[in-house]
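Presented below is the structure to which this report refers.
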Amino acid sequence: MEECISVFDMLKIGVGPSSSHTLGPWRAAERFLEELKSESILYQIKRVKVDLYGSLSLTGKGHATDLSVMLGLSGQDPEYIPVENIAGIIKTIEDTHEINLGNEYKIPFYFLQDIVFNKDFLPFHANGLKFTAYKNDDSEYESTFYSIGGGFVVKEERENAKIKEVIKCAFPFPVQNAVELLNYTVSENKSISEIVYENEKSMRSEDEIHSELMRIWNTMLECMYIGCHSEGILPGGLHVRRRAFDMHQNLIGLSNYTDPQSWLEEIRKTEVKFRQILKWVSCFALAVNEVNASLGRVVTAPTNGSAGVIPAVLMYYMVIENHNAGEKEIKQFLMVAGEIGSIFKKGSTISAAMGGCQAEIGVSSSMAAAALCELMGGTPAQVLMAAEIAMEHHLGLTCDPIGGLVQIPCIERNTMGAIKAINAAELALETDSKNAKVPLDKVINTMWETAKDMNSKYKETSEGGLAVAVNMADC
């Protein structure tokens with residue numbers, strides 16, 4: 001059987017600022033708790049230590065890795081925790097020097113001592129973390145996890161470090177690469193979204209697919225809404241001023257609305273000259289990633305650092321291109337985007353710690369371009385071409401966040417990825433796919449080879465590029 005990745009694996013609801021450095025470690029802490037319970041040793045624990053390695057250590061402070069580990073050990077769920085409660089939970093841990101494991105068993109916890117930042121890298125992946133539980137009888141229980149991008153967490157022993165273990169399933173149309181996906185659309189006479197829908201139905205009911213896809217979209221819409229109505233300075237020490245608020249005010253004027261949906265309807269009434277369209281798309285992307293930078297709730301798409309691209313492009317379609325668009329188009333868009341993202345994950349990486357920002361913004365732009373192209377009437381071949389064009393022009397993009405924060409250049413970079421996605425979709429729609437020179441699978445392979453050749457200092461370590469050219473003091 002082929003590796004099967006669901007749309008809901010690629011589009012996950014969580015808390016910012018990073019899928020690899022926040023959501024992944026959070027999920028790893030949850031899995032560690034599950035292990036302690038399955039081993040029936042949770043109530044025998046007197047201390048827990050967490051070692052962070054590689055990129056998790058080098059940029060962990062800026063990405064709130066330490067906070068996410070504490071929240072995960074406390075039994076909080078990133079998908080549902082009220083984000084306004086996060087600061088209080090962390091402060092309680094810091095003030096009491098206690099952590100409530102799984103929200104049911106308190107032990108001493110001194111976060112400055114019990115979370116250790118190790119700059120060395122573990123062999124399997126750049127994002128490694130090890131949990132050590134010390135029992136009352138002085139024995140220890142250890143477990144090592146790797147956050148491999150997009151909130152995905154795996155375990156891998158050293159001797160199996162080069163073996164890619166995958167979850168198997170039985171989709172009716174298993175897809176490993178773009179060629180297989182295209183072949184299915186031809187043999188079944190279906191669109192890409194229809195192929196994806198058939199696969200999803202093998203795991204979930206139609207009602208569940210509908211409700212979950214709409215929950216994802218509503219989270220995206222709410223995130224854009226919150227970002228466009230929040231002003232001030234982002235946390236972290238760079239003193240980055242939020243821009244979506246001012247840009248949004250200048251664009252929407254004195255419009256009257258009360259919630260995200262009525263807001264969307266008001267935007268449909270605004271001016272649609274080219275400059276305004278550019279500003280709206282940028283505003284949507286900025287809004288999402290400013291929320292992400294503030295430990296807000298976002299949809300990992302395919303990562304938190306690139307979470308603004310897909311909602312910005314889908315919002316563009318709904319408020320600019322098709323005022324009649326609704327649930328049908330939303331679900332279609334998200335299914336295509338998720339499938340393209342899964343092909344990148346299988347053939348390359350969605351982790352900036354492995355491949356630089358081409359693995360995040362590049363992949364998200366490719367996902368959005370493909371999804372938009374199908375909504376605009378593109379053939380499956382043109383949809384794949386749109387994905388290829390978007391990635392082709394992100395190849396080699398580095399990840400060099402200043403101060404290890406998902407702010408500069410990350411927030412602006414989402415606006416560029418969104419605009420490129422729209423442009424890529426339009427280029428594909430105006431091209432006969434028979435004349436395509438570069439297939440998507442070749443670009444995905446090239447991206448992976450580029451990732452392997454890229455110097456590690458450009459892979460989310462904040463040891464190269466803008467991260468060293470611009471100091472925190474300069475900001």
Side-chain angles (χ1 to χ4, degrees), residues 14-33 36 42-53 55-119 127-136 140-143 145 147 232-240 291-298 304 401 403-407 462 472:
V15 173
S18 170
S19 52
S20 294
H21 292 61
T22 315
L23 182 58
W26 195 324
R27 291 301 189 194
E30 289 180 322
R31 285 181 56 178
F32 179 64
L33 281 178
L36 295 182
L42 177 65
Y43 295 101
Q44 302 172 32
I45 304 303
K46 63 180 180 180
R47 181 194 173 201
V48 170
K49 185 180 75 164
V50 186
D51 285 281
L52 306 176
Y53 294 93
S55 181
L56 288 184
S57 172
L58 292 168
T59 61
K61 285 288 185 182
H63 290 85
T65 305
D66 48 352
L67 306 188
S68 67
V69 166
M70 288 190 278
L71 290 165
L73 289 174
S74 300
Q76 304 298 323
D77 189 330
E79 193 167 340
Y80 296 102
I81 182 176
V83 293
E84 63 272 14
N85 292 354
I86 289 177
I89 294 170
I90 295 298
K91 189 175 189 306
T92 297
I93 296 172
E94 294 176 350
D95 290 348
T96 64
H97 304 299
E98 284 186 334
I99 195 164
N100 195 7
L101 288 180
N103 202 28
E104 57 185 274
Y105 179 59
K106 291 184 179 180
I107 63 170
F109 191 84
Y110 298 84
F111 75 98
L112 292 177
Q113 302 171 23
D114 293 332
I115 299 179
V116 182
F117 291 81
N118 303 277
K119 290 187 177 181
N127 292 332
L129 66 165
K130 181 178 71 175
F131 295 86
T132 304
Y134 298 87
K135 298 165 64 177
N136 292 326
E140 300 175 8
Y141 178 87
E142 289 186 356
S143 194
F145 299 86
S147 179
I233 305 298
L234 294 175
L238 287 177
H239 306 292
V240 175
V291 170
N292 180 64
S294 305
L295 275 78
R297 177 159 286 116
V298 299
N304 283 26
L405 297 165
V406 193
Q407 296 180 19
S462 288
M472 293 279 283

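Values reported hereafter were calculated over all heavy atoms of this structure, with side chains retained and with hydrogens, waters and symmetry mates removed.
- Proximity of a side-chain donor or acceptor of Asn118 to a complementary backbone N or O of Leu52 within less than 3.5 Å is detected.
- Between atom CG of residue Asp114 and atom CG of residue Asp51 there is a gap of 10.0 Å, rounded to the nearest 0.5 Å.
- For the pair Asn127 (side chain) and His21 (backbone), a donor-acceptor distance under 3.5 Å is absent.
- Between Phe131 and Phe32, the ring planes lie parallel to each other; the angle is under 30°, not in the 30° to 60° tilted range.
- Residues Val406 and Asn304 have side chains not in contact (no heavy-atom distance under 4.5 Å, counting atoms from C-beta outward).
- Lys135 NZ: more than 12 foreign heavy atoms inside a 6.0 Å radius.
- Gln76 places no side-chain N or O within donor-acceptor distance of the main-chain N or O of Trp26, the cut-off being under 3.5 Å.
- Remark: Leu71 CG to Ile86 CD1 distance equals 6.0 Å, nearest 0.5 Å.
- Contact record, Val298 with Gly16: CG2-N, 4.5 Å, taken as the closest heavy-atom pair.
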Test side-chain contact (heavy atoms from CB on, under 4.5 Å) on Val48 and Leu73; report intermediate values, then the result. CA-CA 9 Å; Val48 170; Leu73 289 174; 4.2 Å; yes

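- Considering all non-hydrogen atoms of both residues, Pro17 and Ala293 come closest at CB-CA, 4.2 Å.
- Side-chain atoms of Phe109 and Glu98, non-hydrogen and from C-beta on, never get closer than 4.5 Å to each other.
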Step-by-step salt bridge (Lys or Arg N to Asp or Glu O under 4.0 Å) determination, Glu30 to Arg27 = CA-CA 5 Å; Glu30 289 180 322; Arg27 291 301 189 194; 2.7 Å; yes

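- Using a distance-only test at 3.5 Å, with no hydrogens or angles considered, no donor-acceptor pair links the side chain of Ser294 to the main chain of Leu234.
- Distance alone, capped at 3.5 Å, is enough to place a donor-acceptor pair between the Thr22 side chain and the His63 backbone.
- Of all heavy-atom pairs between Leu405 and Gly62, the closest is CD2-O, 3.3 Å.
- Atom NZ of residue Lys130 and atom CG of residue Leu56 lie 14.0 Å apart, to the nearest 0.5 angstrom.
- Taking CD from Gln113 and NE2 from His97, the interatomic distance works out to 9.0 Å, rounded to the nearest 0.5 Å.
- Classified by interplanar angle (parallel below 30°, tilted 30° to 60°, perpendicular above 60°), the ring pair Tyr105/Tyr43 is perpendicular.
- A heavy-atom distance below 4.5 Å is found between the side chains of Ile81 and Val15.
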Exercise for review: Could you go through the side-chain contact (heavy atoms from CB on, under 4.5 Å) check for Lys119 and Leu58 one step at a time?
Suggested key: CA-CA 6 Å; Lys119 290 187 177 181; Leu58 292 168; 3.8 Å; yes

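- Panel note: side chain Ser147, backbone Ser20; a donor-acceptor pair is recorded below 3.5 Å.
- Side-chain contact check for Asp66 versus Lys61: some heavy-atom pair is nearer than 4.5 Å.
- Taking NZ of Lys106 as the start and OG of Ser74 as the end, the distance is 10.5 Å to the nearest 0.5 Å.
- A donor-acceptor contact shorter than 3.5 Å links the side chain of Arg297 to the backbone of Pro78.
- Pairing each heavy atom of Pro25 with each of Val69, the nearest pair is CB-CG2, 3.9 Å.
- Between the CD atom of Glu140 and the CD1 atom of Ile45 there is a distance of 10.5 Å, given to the nearest 0.5 Å.
- Nearest heavy atom pair, residue Lys46 against residue Ile107, reads O-CB, 4.1 Å.
- Between Ile90 and Phe111, every side-chain heavy-atom pair lies at or beyond the 4.5 Å cut-off.
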